[in-house]
Amino acid sequence: MNNFQYSRANDVADVIRLLAADPGAKLIAGGTNLIDLMKENVERPSRLIDISRLPLRNVEETPDQGLRIGALVPNSDLAYHPLIEQRYPLLASAILAGASAQLRNMASVGGNLMQRTRCAYFYDTTTPCNKREPGSGCSAIDGLNRNHAILGASNSCIATNPSDMSVALAALGALVHIAGPTGERTIALTDFHRIPGDKPHVDTNLSTGEIITAIGLPPRGFARNYSYLKIRDRLSYAFALVSVAAALELEGNAISEARLALGGVAHKPWRRLEAEAALRGQAATPDHFGRAADLLLEGAVAGSHNGFKLELARRAVVRTLMQAASGTPQSQAHKKIA
Amino acid sequence: MNGYVGTPTSRVDGRAKVTGAAKYAGEFAADGLLHGFIVDATVPRGRITRLDTSDALKVKGVVDVLTHTHRVALADKDEAWKDEVAPEKGSPFRPLYDDRVKFNGQPIALVIAEDWETAKFAATRVRVEYEQEAFATDLETERGTSAKVDQPHKPRGDAAAALAGAAVRHEADYVLPTEHHNPMELYATTAVWDGSGSLTVYDKTQGVQNVHKYLCGVFDMKPEDIRVVSPYVGGAFGSGLRPQHQVVLATLAALALKRSVRVVLTRQQMYGLGYRPMTIERVALGAKSDGTLDAVTHEAIAVTSRYEDFSRNDTGWAEQLYKSPNSRLSHKLVHLDVATPCDMRAPGAATGVCALECAMDELAVALKLDPIELRLKCYSDRDQSEDLPFSSKQLRECYARGAEAFGWARRNPAPRAMRDGKDLVGWGMATGVWEALQMPVAVRIVLTANGHAEVSCAASDIGTGTYTIMAQVAADALGLPIGNIDVKLADSTLPQAPVEGGSWMAASSAHAVLGAAEDIRQELARLAKAIPDSPLGGLNASEMVLVDGTISKAGDKSRAVAIADAMRHGKLERIEKQKLNQFAEDKSHARNTHSAVFAEVKVDEELGVIRVTRVVSAVAAGRILNTKTGRSQIMGSVVWGIGMALHEETVMDHRFGRIMNANIGEYHIPVNADIHDIDVIFVDEPDDRINKLGVKGLGEIGIVGVPAAIANAVYHATGKRVRHFPITLDKLLG
Ligand SMILES: Cc1cc2nc3c(=O)[nH]c(=O)nc-3n(C[C@H](O)[C@H](O)[C@H](O)COP(=O)(O)OP(=O)(O)OC[C@H]3O[C@@H](n4cnc5c(N)ncnc54)[C@H](O)[C@@H]3O)c2cc1C
Ligand code: SF4
């Protein structure tokens, strides 16, 4: 851990001023990811700007019948918020599939979106890692890559994004509201995280000097037919090997709208509109779901240890869509994959 | 003796533990306490060519940085570094001794500061350069370099010929990965400097006297100048049998600076300590077509360090379990650039019996026999390695009681034949076996006239319940309520005890209590008889018992003298008796505990997800002193066995010789969501040969057999045999 300055921000303008004044500064919200990385000397901010007291803790209905979720709403509060439970249960479920109760109590929405990969080499400063130290090489490509990406990876990085919440947000078509030195802007969540390309050290399209202020949810919540299924090495408190967020609107047995996103397989939540389009107008059957899975996984390539993810992801997609279609979403409390 | 022994008595230290009153090694305060933070080597092998501490020393609050070139004297002979548990062969690791790096994560410097945060920060300012050397850390690629170690088991008959001629044969490799103990409490030492050259060392350890002797040797100190104390231990599981890095470093710093110093390892640094070594276990079984065994061969190839030969009995267990005229067992070591492994719950057996019991299951399939039937056909009433009968062996009863509780009779033997909705259901079983060891232990009892007794001994309670069983045994033996018994443990100045390990402490400490209590009884008998008109007049001491705060005629409470009265008349405020209990050597019997473990798994075959929905463990371990703490031991072991089967693995990148999941987020152990029903059955096993109380010990038997039962259940569910543990979903899908 390095020495750092500490400032507490009172409002968003304060944050932007402090960020501009110190290019080495980092925001700290719940600290559950940043502090760990600082302890490992992976992150070495010159200053921590404590945003935990900013007034960004509300969940509000917007005029278009959507929701606006403040960036500092704790993950647990969000998961158990009545509006989320009733209207966006897919989001609640994905949050509850992540981390542990204690971590979710501390973790913020903004921090969750910004959490960094769990690639073991990224955490170990004695090993080469392009994400941590651009140009040093990627240890995972020829090393331990069982947990790594099968989609959208590059020759410089095959890390995955570990967030569960983001997978549901991607499926729901969420927006990210950002404030920065030049004002406010909004981008789609699916455009927020990057694929690594030749700049794996850049996780997201948030620019320096900017802060996430809120998440926007469009009105459509898919509250009847949804499921979040997370496959991992133990039944709780582990990162996803593969996770699936599925949401459907059905007319009878016909699909009128479909959303599908994968976690644990890429540098960002993986969504492909072709896969969803292929479902529209189709009957909710395993065959159609399998075809959608194939489209979603098009171009997937395995490394030396993660080949199992190709078939696992396909099967998980089908299972999750079946759960969604039958209105029996995966429980995050039962000791069982349904 | 009747009352507390054998009952589900709650822990006498439970309240102290849950209220935080129980103090652990890293929690003791001292005036002017300094804090040390360890700098670890980041290469697996080489020499330190530069260790520049100047930047670290400039950090405000840093007091000193100790290194191999800047420290007080350390012993230069191996004998001094060889603790009670050190492997016979080898030269123990010496922290901060010289410029050699022997394993990744080796401590190479200690930064000492006024507070822990400063020390940790300054540790990042220590600059280290190495001359790296070629290294090897991968057992599988280095397997060819293995060398045989001596083991007591002699070959019997001609196993190779018998195997070649066997009607049915099964042979396979089973691979058990490296595992780390991950006790909840971090390793910690607070070395308190008393101002005049002597030290009180609060250490997390399984053996205070082992640490004491070691520190005296390493630092050439007089025994009376060091006292080692470890009243509570938050789990150790074998990792605290040998003195660990932090106790050397905290003591070194306290002596160098003449101040009190605390050193606490981080969770990551705990992966630089000992571990269960990875093993490749090759088992071959040859049987007649009726299911009796003709040949057993078991070869284990295990990891050790380059500087010590650590090996345990992986391969000897078939000798005790299964009758076979021919057998050949061997244990080989591969020396790698890693730290020396150490004991971990049921060392040798947890891995070796896992392989054996998977192999037996595979043989049962080949023979088309029920797995229990095969084991009964091969049941051995003698330990074949020494050709001895057992002091007791109720394993048949374990099979029967376990099978009944589990519902084994309803098992459809065909793989993939049982289902629960989408899930495949598998039922598997395995045998467990462990040793019933006992060691010399001394106990002091001080009985005061108010009917309270203090029972003291240097033994540790590593969470197993030693405080409680000693209190139970003492209460019964002294005829006092358990609330009147105060047990003091784990102080090197207390009466002699070995390290707490090997499942020997329950039997050993219980009988030491009995020994000292007997002397107290004799003394009270003498005093009681001396009272004028004593109701006990004319009786021999042997006719008297201690009961309900009195000494009375056995079977006749009307002839009794209150303990207080006896002592008052004798003008004694206290009676103090100390006794070393040694068990008579008995070479005529083998002494073991046994178990039969039954597991049910449900497998979501599409996704490869496995749940262990039921485990029944039927244990024969002599007399159970405390059915509550005993049951906890077995339940905890079963949970760990589930981890061995499905989750646990220390993952190393052999290009760097570094452990890549050195934290309990990524090193997976089962969480609550992975645990379902666990049913523990204690089978009656009277044993009047082994010791007076018929006690055998429970700390380790509970884990043995569990991983194999689960692996066998996974096979039964899926028809897929995974022999490379842990059984993760990719192995089922692949
Ligand atoms: C053991 C463990 C297990 C976990 N398991 C899971 C899991 O299974 N699934 C899962 O999804 N997550 C998991 N997590 C991760 C957890 O969800 C994240 O750590 C948490 O969401 C981060 O939120 P925070 O508020 O604590 O972020 P912080 O640690 O405070 O910040 C993280 C990053 O976000 C930046 N940041 C924070 N707020 C903002 C903002 N408003 N605008 C811009 N940048 C910001 C910070 O500068 C920092 O870089 C796990 C974490 C741990 C430690
Ligand atoms: S996968 Fe990415 S994060 Fe992991 S080592 Fe390679 S570059 Fe670093």
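Order of the sequence lines fixes the chain letters, A, B, ..., with proteins taken first and strands second; residue numbering starts at 1 for each chain.
How far CG of A:Asn3 is from CD of B:Glu117: 11.5 Å, rounded to the nearest 0.5 Å. Considering CD1 of A:Ile337 and CD1 of B:Ile610, their distance stands at 12.5 Å, rounded to 0.5 Å. The structure places CE of B:Met652 at 11.0 Å from CG of A:Leu144, a figure rounded to the nearest 0.5 Å.
With 3.5 Å as the limit, one finds a donor-acceptor pair spanning the side chains of A:Thr126 and B:Arg658.
Using a 4.0 Å cut-off between charged nitrogen and carboxylate oxygen, A:Arg319 and B:Asp604 count as a salt-bridge pair. Note on B:Asp423 versus A:Lys336: salt bridge recorded, some NZ/NE/NH1/NH2 to OD/OE distance being below 4.0 Å.
Both the backbone and the side chain of B:Phe121 come within less than 4.5 Å of a heavy atom of chain A. Residue B:Ile642 does not touch chain A at all, counting heavy-atom pairs closer than 4.5 Å. Heavy atoms closer than 4.5 Å to chain A are found in the side chain of B:Glu666, but not in its backbone. For chain A, the nearby part of B:Gln268 is the side chain; its heavy atoms alone come within less than 4.5 Å. Contact annotation for A:Asn306: neither backbone nor side-chain heavy atoms come within less than 4.5 Å of a heavy atom of chain B. Only the side chain of B:His647 comes within contact range of chain A, with heavy atoms under 4.5 Å apart.
In plain terms, the two heavy atoms of B:His668 and A:Ala238 that are nearest each other are NE2-CB, 3.9 Å.
Residues A:Asp142 and B:Arg655 are in side-chain contact: their nearest non-hydrogen atoms beyond the backbone lie under 4.5 Å apart.
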Determine, step by step, whether B:Asp674 and A:Lys335 satisfy the salt bridge (Lys or Arg N to Asp or Glu O under 4.0 Å) criterion, reporting the C-alpha distance in whole Å, the side-chain angles of both residues, the deciding distance to 0.1 Å, and the verdict.
CA-CA 7 Å; B:Asp674 299 304; A:Lys335 294 179 167 186; over 6 Å; no

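The choice from A:Tyr121, A:Tyr123, A:Tyr237 that makes the most heavy-atom pairs within less than 4.5 Å of chain B is A:Tyr121. Ranked by non-hydrogen atom pairs under 4.5 Å with chain A, the options B:His676, B:Lys120, B:Lys731 are led by B:His676. Ranked by heavy-atom pairs under 4.5 Å with chain B, the first of A:Lys309, A:Glu40, A:Arg118 is A:Glu40. Interface remark: of the candidates A:Ala333, A:Ser139, A:Gly307, A:Ala316, A:Ser139 forms the most heavy-atom pairs closer than 4.5 Å to chain B.
More than 12 heavy atoms of other residues, nucleotides or ligands sit less than 6.0 Å from atom CG of A:Asn41. B:Asp52 CG: more than 12 foreign heavy atoms inside a 6.0 Å radius.
A side chain to side chain contact (heavy atoms under 4.5 Å, CB included) with A:Arg234 is found for exactly one of B:Val609, B:Leu646, B:Ile669, namely B:Ile669. Checking B:Thr728, B:Asp730, B:Leu729 one by one against A:Leu241, the side chain to side chain contact (heavy atoms under 4.5 Å, CB included) holds for a single residue, B:Leu729.
Put simply, the side chain of A:Arg315 never gets that close to the backbone of B:Leu607: no donor and acceptor are under 3.5 Å apart.
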